[in-house]
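Ligands are counted one by one from 1 in listed order, and the atoms in each one are counted from 1 as well. Nothing fancy with the numbering, it's 1 onward along the sequence. Excluded from the calculations below are hydrogen atoms, water molecules and symmetry mates; all remaining heavy atoms, backbone and side chain alike, are included.
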Amino acid sequence: MSFPIVVLISGSGSNLQALIDQSLSGDLDIEIKAVISNKADAYGLTRAKDAGIPTHHLNHKEFESREAFDAALQTCIDQHQPKLVVLAGFMRILSEGFTRHYQGRMLNIHPSLLPKYKGLNTHQRAIDAGDEIHGVSVHFVSAELDAGAVIVQAKTDIDAEETADSLARKVHNLEHIIYPLAVKWFSQDRLKEVNNKAILDENPLAETGFAYN
Ligand code: GRF
């Protein structure tokens with residue numbers, strides 16, 4: 001049986017598409033049981049429907065608190081009994097109870113070389129700081145924003161004429177490689193989180209995770 005996952009999105013869903021493509025090509029033995037978005041117009045919902053994947057829209061504005069929304073989200077996710085929850089551009093701060101419930105079985109992708117540039121506008125911040133190297137990290141989700149154990153990072157050069165848009169495009173291409181890779185490791189039971197450390201093939205990874213390049 002393929003490894004069951006649920007993917008959470010808020011936008012374009014190009015990382016979702018990378019997972020769909022790799023599962024269709026047979027590179028990744030997963031079944032995406034559902035795609036859930038907090039935004040009704042997220043293009044990722046169209047990508048999911050085109051691939052025949054069940055979708056849900058849960059509007060966070062209809063809930064009176066973060067905790068109430070997260071509780072409904074948890075119920076929605078758990079009806080599909082995923083072994084892994086994949087955040088792919090899900091633009092929500094998560095409550096502590098929610099992150100605790102999925103501790104060790106929820107991944108996120110963040111467009112920076114963590115621990116640098118947690119939060120938003122990471123590409124512009126890296127350019128403004130005069131960095132020569134930028135990149136992307138896949139990490140386990142913990143209660144603190146963008147602070148869970150890093151699993152894998154990929155790097156790219158920041159060129160002289162770089163803009164936030166051109167840098168985002170380069171980083172996106174890397175995202176579509178390393179996110180499916182991390183999901184594959186997890187689905188093959190090679191990757192786990194122990195005491196807020198990422199372990200791959202029984203070896204604790206460095207604080208910056210596995211270096212893809
Ligand atoms: C990506 O840049 C990812 O790193 C960040 O949100 C964006 C999602 O892009 N967490 P997409 O919706 O997968 O195209």
Side-chain angles (χ1 to χ4, degrees), residues 5-24 28 30 32 34-51 53 55-58 60 73 84-94 98-99 102 106-127 131 133-156 158 162-184 186 198 208-210 212-213:
I5 74 169
V6 165
V7 182
L8 272 49
I9 60 162
S10 300
S12 152
S14 68
N15 282 283
L16 165 68
Q17 190 68 54
L19 293 168
I20 292 171
D21 291 347
Q22 288 214 12
S23 71
L24 289 175
L28 196 51
I30 56 166
I32 304 174
V35 170
I36 306 172
S37 173
N38 64 318
K39 296 272 179 70
D41 60 354
Y43 182 61
L45 289 173
T46 303
R47 297 182 192 267
K49 283 176 194 147
D50 287 349
I53 299 167
T55 60
H56 303 272
H57 167 228
L58 266 188
H60 57 275
L73 181 59
L84 180 69
V85 177
V86 175
L87 307 183
F90 186 59
M91 303 302 283
R92 294 277 307 163
I93 305 261
L94 303 168
F98 184 85
T99 55
Y102 296 107
M106 181 157 64
L107 306 184
N108 184 40
I109 188 156
H110 182 73
S112 78
L113 296 172
L114 290 170
K116 280 186 145 185
Y117 311 127
K118 294 173 182 175
L120 299 174
N121 300 322
T122 57
H123 309 304
Q124 192 60 54
R125 285 158 70 199
I127 292 170
D131 291 359
I133 305 276
H134 184 51
V136 54
S137 310
V138 177
H139 63 92
F140 282 103
V141 175
S142 66
E144 204 187 323
L145 180 69
D146 300 328
V150 176
I151 297 160
V152 51
Q153 290 188 331
K155 299 187 172 81
T156 186
I158 299 182
E162 205 79 72
T163 65
D165 282 349
S166 65
L167 192 51
R169 275 194 295 277
K170 293 201 293 194
V171 169
H172 252 108
N173 289 335
L174 293 167
E175 295 187 12
H176 303 156
I177 300 169
I178 66 166
Y179 214 1
L181 179 64
V183 170
K184 184 179 207 165
F186 194 92
T208 49
F210 179 91
Y212 172 74
N213 57 1

Close side-chain approach of N213 to L174, heavy-atom, < 4.5 Å: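 Answer yes - side chains close enough.
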Go ahead and list the nitrogen or oxygen contacts between ligand 1 and the protein that come in under 3.5 Å, distances to 0.1 Å, or just say none.
residue: ligand 1; atom: 2 (O); partner: E175; partner atom: OE1; Å: 3.4
residue: ligand 1; atom: 2 (O); partner: E175; partner atom: OE2; Å: 3.0
residue: ligand 1; atom: 4 (O); partner: E175; partner atom: OE1; Å: 3.2
residue: ligand 1; atom: 4 (O); partner: E175; partner atom: OE2; Å: 2.9
residue: ligand 1; atom: 9 (O); partner: H172; partner atom: NE2; Å: 3.2
residue: ligand 1; atom: 10 (N); partner: I109; partner atom: O; Å: 2.8
residue: ligand 1; atom: 12 (O); partner: G13; partner atom: N; Å: 2.7
residue: ligand 1; atom: 13 (O); partner: S14; partner atom: N; Å: 3.2
residue: ligand 1; atom: 13 (O); partner: N15; partner atom: N; Å: 2.8
residue: ligand 1; atom: 13 (O); partner: N15; partner atom: ND2; Å: 2.8
residue: ligand 1; atom: 14 (O); partner: S12; partner atom: OG; Å: 3.4
residue: ligand 1; atom: 14 (O); partner: S14; partner atom: N; Å: 2.9
residue: ligand 1; atom: 14 (O); partner: S14; partner atom: OG; Å: 2.5
residue: ligand 1; atom: 14 (O); partner: H172; partner atom: NE2; Å: 3.4

Whether the H110 and H139 side chains hold a donor-acceptor pair (N or O, under 3.5 Å, no angle test) is what I'd like checked.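 No pair is found: no donor N or O on one side chain lies under 3.5 Å from an acceptor on the other.
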Look at the side chain of H176 and the backbone N and O of A18, then say whether any donor-acceptor pair between them is shorter than 3.5 Å.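 Side chain of H176 to backbone of A18, a donor-acceptor pair under 3.5 Å: no, none is there.
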Check residues 85-93 and write down every donor-acceptor pair under 3.5 Å in which the side-chain atom is one partner and the other belongs to a residue at least two apart or another chain.
none

Taking salt bridge (charged side-chain N to carboxylate O under 4.0 Å, His left out) as the cut-off, I'd like each qualifying pair that reaches into residues 142-153, sequence neighbours left out, listed once.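 Matches after skipping sequence neighbours: none remain.
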Residues which pass side-chain contact (heavy atoms from CB on, under 4.5 Å) with D165, listed by chain and number, not counting sequence neighbours: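 Partners of D165 by the side-chain contact (heavy atoms from CB on, under 4.5 Å) criterion, ordered by chain and then number, come out as T163, R169.
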